[in-house]
K.L.:
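The structure's right below; bear with me while I get my questions together.
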Amino acid sequence: MISTNALYTDLSGYYDLMCCDINYLAQSSSVHRLNKMLGNGKHSHLDLACGTGPHIRHFIDFGYQSSGLDIHQPMLDLARARCPQASFILQNMADFTLQQPVDLITCFLYSIHYNASIAALKHCFASVYAALTPGGLFVFNAVDKDTICNRSAVRHSTWFDNSQFVFESAWHYSGRGEQQALKLSIAKTNAAGTQFWQDQHTMVAISFAELQALLCPYFEVHILAHDYDRITVWDNAAGNALFACVKRGA
Ligand SMILES: C[S@@+](CC[C@H](N)C(=O)[O-])C[C@H]1O[C@@H](n2cnc3c(N)ncnc32)[C@H](O)[C@@H]1O
């Protein structure tokens, strides 16, 4: 059966296993460096679509006052257990408000695409703008819809609790319209047999040119290579990139 977003609810206990190959420290360090270069020198932080809070853990360790926002309570429960010092809010990033503005807002792992339409993305950017302090920085990664290859998938396997887990994820874009899908599957095999789950997530499809046009009224936009080891400009060709956006003056 194909579910929608089960990974963030019923299957949330498997999320960290699915992401066990991700170098969260490298990603967080890279954005910390960007904040030193482009930010306003202060350290309050909000992670949008924070999931189980792996980035927040590192930002707290770097000395930030971090908080997390997510739309699924089971993910926030796991994040709170990982980062008891942080505060968490259950909100939709397409339309959120903070009691106090922050200096840095991040959104990792292409989660910005969970704003499932261009209109939602516009609201999200307006919410981010309002939630940043003067000169604050907004950093996220994104994929350009026109570069999506429907034949490629990322697959990895790992062992946990006497079971083998195989995770697979792939983008799918029909080539038309403003929605793409993230297709995920989990196969868990142990002595009792194999269980298989398929999860499909609706996400916004957008080109980098469109993205830049949406961001420009609010931010000075730097498009960078999707490389967490070194900071270099995007080559105008790669299908994924890191967007570093400095809040414009009022
Ligand atoms: C791929 S996970 C990324 C989690 C984390 N940022 C990471 O890098 O591991 C996507 C997260 O986005 C959250 N999410 C999905 N739609 C959202 C929305 N509209 N507003 C806020 N969070 C959302 C999900 O609950 C999930 O925790």
Side-chain angles (χ1 to χ4, degrees), residues 5 7-115 120 123-142 201 219 228 242-247:
N5 291 328
L7 183 64
Y8 307 138
T9 53
D10 300 349
L11 302 179
S12 58
Y14 295 151
Y15 182 79
D16 287 339
L17 266 186
M18 188 185 85
C19 294
C20 66
D21 284 351
I22 295 177
N23 190 339
Y24 284 108
L25 176 59
Q27 295 186 0
S28 307
S29 305
S30 167
V31 174
H32 176 41
R33 285 199 302 280
L34 277 174
N35 195 38
K36 280 189 197 158
M37 290 166 57
L38 299 171
N40 61 15
K42 292 183 278 168
H43 295 95
S44 56
H45 166 231
L46 171 72
D47 191 30
L48 291 179
C50 65
T52 62
H55 295 99
I56 293 178
R57 181 66 268 152
H58 292 298
F59 278 98
I60 289 173
D61 295 343
F62 299 153
Y64 286 74
Q65 297 85 51
S66 283
S67 51
L69 176 153
D70 203 281
I71 204 168
H72 291 115
Q73 189 62 46
M75 299 300 270
L76 289 177
D77 292 343
L78 292 164
R80 188 169 281 118
R82 174 179 265 144
C83 311
Q85 309 92 323
S87 53
F88 292 96
I89 38 176
L90 181 68
Q91 283 194 61
N92 185 344
M93 71 179 141
D95 186 16
F96 70 93
T97 49
L98 298 185
Q99 283 179 346
Q100 288 287 328
V102 294
D103 308 308
L104 171 67
I105 297 184
T106 52
C107 188
F108 288 98
L109 211 55
Y110 304 105
S111 305
I112 202 75
H113 290 271
Y114 278 106
N115 290 290
H123 283 295
C124 178
F125 292 157
S127 301
V128 168
Y129 180 83
L132 278 172
T133 53
L137 181 67
F138 173 38
V139 182
F140 63 92
N141 59 348
H201 302 197
F219 305 99
Y228 292 107
L242 205 52
F243 286 74
C245 311
V246 180
K247 178 172 174 160

K.L.:
Within 45° of the axis and under 6.0 Å from the centre of the six-membered ring of Y129, does NZ or CZ of K247 qualify?
P.N.:
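Judged by the rule (NZ or CZ under 6.0 Å from the ring centre, within 45° of its axis), K247 counts as positioned above Y129.
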K.L.:
Quick one: closest heavy-atom pair of D70 and M75, and the distance?
P.N.:
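Closest approach of D70 to M75: OD1-CB, 4.1 Å.
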K.L.:
Can you confirm whether more than 12 heavy atoms, excluding those of Q85, are under 6.0 Å from its CD atom?
P.N.:
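Buried by this count: over 12 neighbours within 6.0 Å.
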K.L.:
Might you work through the ring-ring contact (aromatic ring centres under 6.0 Å, His included) test for F62 and H43, ending with a clear yes or no?
P.N.:
CA-CA 9 Å; F62 299 153; H43 295 95; 10.0 Å; no
K.L.:
Name all residues meeting the side chain to side chain donor-acceptor pair (under 3.5 Å) criterion together with S127; count only those two or more places apart in sequence or in a different chain, and write none if there are none.
P.N.:
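Not a single residue meets the side chain to side chain donor-acceptor pair (under 3.5 Å) criterion with S127.
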K.L.:
Ignoring hydrogens and angles, tell me if any N or O in the side chain of N141 forms a donor-acceptor pair with the backbone of L109 under 3.5 Å.
P.N.:
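Confirmed, N141 side chain pairs with L109 backbone.
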K.L.:
Between S29 and L25, is there a donor-acceptor pair closer than 3.5 Å when you use the side chain of the first and the backbone of the second?
P.N.:
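Looks like yes, one N/O pair under 3.5 Å.
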K.L.:
A side-chain contact here means heavy atoms from C-beta on lying under 4.5 Å apart; do T133 and V102 qualify?
P.N.:
no
K.L.:
Between I105 and F138, does the side-chain contact (heavy atoms from CB on, under 4.5 Å) criterion hold? Intermediate values first, please.
P.N.:
CA-CA 5 Å; I105 297 184; F138 173 38; 3.9 Å; yes
K.L.:
Determine, stepwise, if the pair F243 / V139 fulfils side-chain contact (heavy atoms from CB on, under 4.5 Å).
P.N.:
CA-CA 6 Å; F243 286 74; V139 182; over 6 Å; no
K.L.:
Do any N or O atoms from the side chain of N92 and from the backbone of D95 form a donor-acceptor pair under 3.5 angstrom?
P.N.:
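Absent.
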K.L.:
Answer yes if the ring centres of F140 and F108 are under 6.0 angstrom apart, and no otherwise.
P.N.:
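When the ring centroids of F140 and F108 are compared, they turn out to be at least 6.0 Å apart.
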K.L.:
So which pairs with a foot in residues 25-49 pass salt bridge (charged side-chain N to carboxylate O under 4.0 Å, His left out), sequence neighbours left out?
P.N.:
none
K.L.:
Check each of Y8, Y114, F88, Y15 against H72 using the ring pair (Phe, Tyr, Trp, His ring centres under 6.0 Å) test, and report the only one that passes.
P.N.:
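Answer to the ring pair (Phe, Tyr, Trp, His ring centres under 6.0 Å) test with H72 among Y8, Y114, F88, Y15: Y8.
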K.L.:
Side chain to side chain donor-acceptor pair (under 3.5 Å) with D77: which residues, sequence neighbours excluded?
P.N.:
Q73
K.L.:
Report yes if the distance between the aromatic ring centroids of Y64 and H58 is under 6.0 Å, otherwise no.
P.N.:
no
K.L.:
State which residues pass side chain to side chain donor-acceptor pair (under 3.5 Å) with H113; sequence neighbours excluded, sorted by chain then number.
P.N.:
none
K.L.:
Run the numbers on Y24 and Y228 for side chain to side chain donor-acceptor pair (under 3.5 Å), then give the verdict.
P.N.:
CA-CA 10 Å; Y24 284 108; Y228 292 107; over 6 Å; no
K.L.:
Using ring centroids (six-membered ring only for Trp), state whether F59 and H32 fall under 6.0 Å.
P.N.:
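No; F59 has its ring centre 6.0 Å or more from that of H32.
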K.L.:
If I compare all heavy atoms of L76 with all of G68, which pair ends up nearest, and what's the gap?
P.N.:
CD2-O, 4.5 Å
K.L.:
Between T106 and H45, do the side chains contain an N or O donor and an N or O acceptor separated by less than 3.5 Å?
P.N.:
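There is such a pair (donor and acceptor under 3.5 Å, judged by atom type) between the side chains of T106 and H45.
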K.L.:
Residues two or more places apart in sequence or in another chain: which of them pass side-chain contact (heavy atoms from CB on, under 4.5 Å) with C20?
P.N.:
H156, T158
K.L.:
Can you tell me which residue among L104, D103, N40 is in a side-chain contact (heavy atoms from CB on, under 4.5 Å) with L137?
P.N.:
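Only match with L137 under side-chain contact (heavy atoms from CB on, under 4.5 Å): L104.
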K.L.:
Does any pair with a residue in residues 49-59 pass salt bridge (charged side-chain N to carboxylate O under 4.0 Å, His left out), and if so which ones, sequence neighbours excluded?
P.N.:
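Pairs touching residues 49-59 that pass the test: R57-D61.
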